[in-house]
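Inspection log for the structure reproduced underneath, given as structure tokens.
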Amino acid sequence: MLKTFDASAIPGAPKLKGQTMDMLFKGQPTRRSLLTASVGAAALIAAPSVLRAQTKELVVGGAAGHKPWVEQIVVPAFEKKYNCKVLFEGTRSLVNLEKMQKNKGSQYMSVVQMDDPVMILAVKEGLLEPLTVAKAPNLADLLPGSTHMDAMWANYLQPWLGVAYSKSAMKTPPSSWAEMFDPKYKGRIVIPSLQNTEGLPSLFVAGLLAGGTMESVQKDTDAGFKKLATLKPNLLTIYTQQPQAFNLLEQGEAWMIGPAMSSYALERKAAGAPIDLVAPKEGVFAMPSGIAVIKGAPQSDLAFAYVNELLGAELQSKLAGPTFSLATNKAVPKPEGLGADVKIHQIDWANVAAQRNDWVKRWDREMAI
């Protein structure tokens with residue numbers, strides 16, 4: 001039995017109202033039926049391209065831990081504003097770097113949200129497209145230190161590092177980084193390993209307490225290492241995994257963790273853990289959350305628009321609270337718990353990349369407990 005093709009099944013195609021059946025079962029087609037059928041055929045050919053034009057997709061690579069707030073806050077707002085589809089691939093910064101390396105010249109991702117140390121590697125391999133005010137106007141409204149390496153990437157949020165403490169063990173919050181070194185806290189202090197990104201400022205804090213400046217202690221860490229050695233009697237443990245360390249704090253076995261990440265410590269506090277995070281008088285350290293456009297991005301215009309939105313005050317004001325982070329846009333106030341006059345130290349990540357291997361080797365020799 002001969003079947004007809006139902007053009008009405010194609011979105012946008014006109015209804016043929018039986019003319020196709022007329023052509024099949026009557027002799028010569030009428031002029032009217034020919035005209036109507038030709039319009040229908042044209043619609044069948046055009047429909048796929050129309051559908052493709054309506055389904056712009058932007059693929060963003062980011063951290064797995066960012067997936068909830070990206071998909072709940074960022075994606076709906078961006079898709080509505082730009083009439084597109086955003087696909088967020090949540091993994092780790094180094095995995096995203098590997099994807100860019102393997103697809104160089106034929107990228108499928110357009111934007112990456114990665115830690116600054118990994119951004120440096122991506123720049124060295126020519127994998128990123130520079131950000132400009134022309135393409136991302138909100139770039140002009142960022143705080144100093146928020147763009148890096150001639151604006152190859154920018155920070156959209158910055159978790160901060162302070163001192164986390166047990167509220168059950170300490171009735172008075174610590175006010176200075178120096179309190180971690182007080183002999184009365186023997187066996188009660190936890191610090192991150194230098195292999196952890198949040199562990200790096202341990203060196204800089206120690207250098208500052210030894211009398212250095214923020215600029216000098218990042219370049220020359222000798223004084224920092226010597227000061228850190230005096231902390232060893234106070235150490236309960238040096239961690240590489242945050243959850244285990246915070247379990248010790250929540251149980252009251254550890255009394256302080258420093259440096260401690262706001263995005264983790266304050267999330268635990270919000271969940272009911274008897275802990276808190278304070279900003280010592282010497283200041284806190286801003287941690288990296290970078291965003292960049294991939295060179296050869298398949299949706300370049302959308303990619304820059306996505307970056308621009310993440311750098312804008314409207315979106316950052318919605319994200320700073322749920323992520324327990326500092327915004328980088330000047331128009332967004334500091335989060336609750338951080339005074340307006342608190343000093344925020346920026347880390348020279350290019351210097352970290354150059355020296356970190358040597359620092360870790362010295363750390364392994366001198367800080368074993």
Side-chain angles (χ1 to χ4, degrees), residues 58-63 66 70 74 78 86 88-159 197 200 215 218-219 285-313 315-316 319 325-330 344-357:
L58 182 75
V59 182
V60 177
H66 293 176
V70 169
V74 179
F78 190 82
V86 177
F88 185 82
E89 294 191 356
T91 176
R92 293 184 295 113
S93 292
L94 286 173
V95 173
N96 284 320
L97 179 65
E98 291 172 2
K99 291 178 182 178
M100 288 189 286
Q101 290 168 331
K102 290 178 181 178
N103 293 287
K104 192 172 184 178
S106 57
Q107 302 287 355
Y108 75 95
M109 293 192 303
S110 295
V111 177
V112 280
Q113 296 172 216
M114 303 193 301
D115 291 341
D116 287 26
V118 183
M119 288 289 194
I120 293 170
L121 300 177
V123 171
K124 289 180 177 178
E125 296 195 29
L127 295 170
L128 303 182
E129 190 74 26
L131 303 177
T132 65
V133 174
K135 293 182 177 180
N138 287 326
L139 200 66
D141 298 326
L142 301 186
L143 292 165
S146 301
T147 60
H148 307 277
M149 299 182 77
D150 297 322
M152 294 302 292
W153 79 91
N155 296 133
Y156 59 97
L157 289 172
Q158 293 180 320
T197 303
L200 291 163
E215 183 178 0
Q218 291 198 64
K219 297 295 183 182
F285 291 82
M287 291 299 286
S289 286
I291 188 165
V293 173
I294 300 173
K295 191 171 185 178
Q299 293 285 358
S300 180
D301 290 344
L302 270 183
F304 280 103
Y306 183 91
V307 170
N308 189 56
E309 293 296 325
L310 264 291
L311 300 182
L315 203 48
Q316 285 193 17
L319 295 174
S325 299
L326 299 163
T328 59
N329 191 291
K330 297 174 185 175
I344 299 171
H345 299 296
Q346 298 290 341
I347 296 171
D348 183 346
W349 293 106
N351 176 62
V352 168
Q355 299 201 61
R356 189 172 186 176
N357 286 340

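These numbers come from a predicted model, not from an experiment.
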Can you tell me how far [atom2] of [Y] sits from [atom1] of [X], rounded to the nearest 0.5 angstrom?
X: L315; Y: E309; atom1: CG; atom2: CD; answer: 7.0 Å
X: L319; Y: L157; atom1: CG; atom2: CG; answer: 5.5 Å
X: Y156; Y: T328; atom1: OH; atom2: OG1; answer: 10.0 Å

So, do [X] and [Y] sit near enough that their side-chain heavy atoms are less than 4.5 Å apart?
X: V111; Y: F88; value: no
X: D116; Y: N155; value: yes
X: L128; Y: K295; value: no
X: L127; Y: Q107; value: yes
X: L302; Y: F78; value: yes
X: L311; Y: N329; value: no
X: L94; Y: V118; value: yes
X: R356; Y: L200; value: yes

Quiz item: Can you name the side-chain hydrogen bond (donor to acceptor under 3.5 Å, both in side chains) partners of H345, sequence neighbours left out?
Solution: none
Using only atom types and a distance under 3.5 Å, with no angle test, would you say the side chain of [X] pairs donor to acceptor with the backbone of [Y]?
X: Q316; Y: L310; value: yes
X: E129; Y: A297; value: no
X: D141; Y: K330; value: no
X: S93; Y: D115; value: yes
X: E89; Y: V59; value: no

Exercise. For the pair L97 and L121, evaluate side chain to side chain contact (heavy atoms under 4.5 Å, CB included) and give the outcome as yes or no after the intermediate values.
Key: CA-CA 8 Å; L97 179 65; L121 300 177; 4.0 Å; yes
Nearest non-hydrogen partners of [X] and [Y], listed with the distance:
X: K219; Y: D348; result: NZ-OD2, 3.5 Å
X: W349; Y: T197; result: CH2-CG2, 3.6 Å
X: M152; Y: A292; result: O-CB, 3.8 Å
X: S110; Y: Q299; result: OG-N, 3.4 Å
X: A154; Y: T147; result: CB-CG2, 4.0 Å
X: Q346; Y: G145; result: OE1-O, 4.0 Å

Quiz item: side chain to side chain contact (heavy atoms under 4.5 Å, CB included) between H148 and M119: does it pass, once the steps are laid out?
Solution: CA-CA 9 Å; H148 307 277; M119 288 289 194; over 6 Å; no
Exercise. Evaluate the criterion side chain to side chain contact (heavy atoms under 4.5 Å, CB included) for residue pair V112 and V60; output intermediate values, then yes/no.
Key: CA-CA 6 Å; V112 280; V60 177; over 6 Å; no
Quiz item: Could you go step by step and tell me if V307 and L139 meet the side chain to side chain contact (heavy atoms under 4.5 Å, CB included) rule?
Solution: CA-CA 9 Å; V307 170; L139 200 66; over 6 Å; no
Quiz prompt | Candidates Q101, Q113, M114 - the one meeting side-chain contact (heavy atoms from CB on, under 4.5 Å) with N96 | solution = M114
Quiz item: Is K135 salt-bridged to D301, going by a charged N under 4.0 Å from an acidic O?
Solution: no
Exercise. Mark yes when over 12 heavy atoms from residues, nucleotides or ligands other than N103 sit less than 6.0 Å from its CG; otherwise mark no.
Key: yes
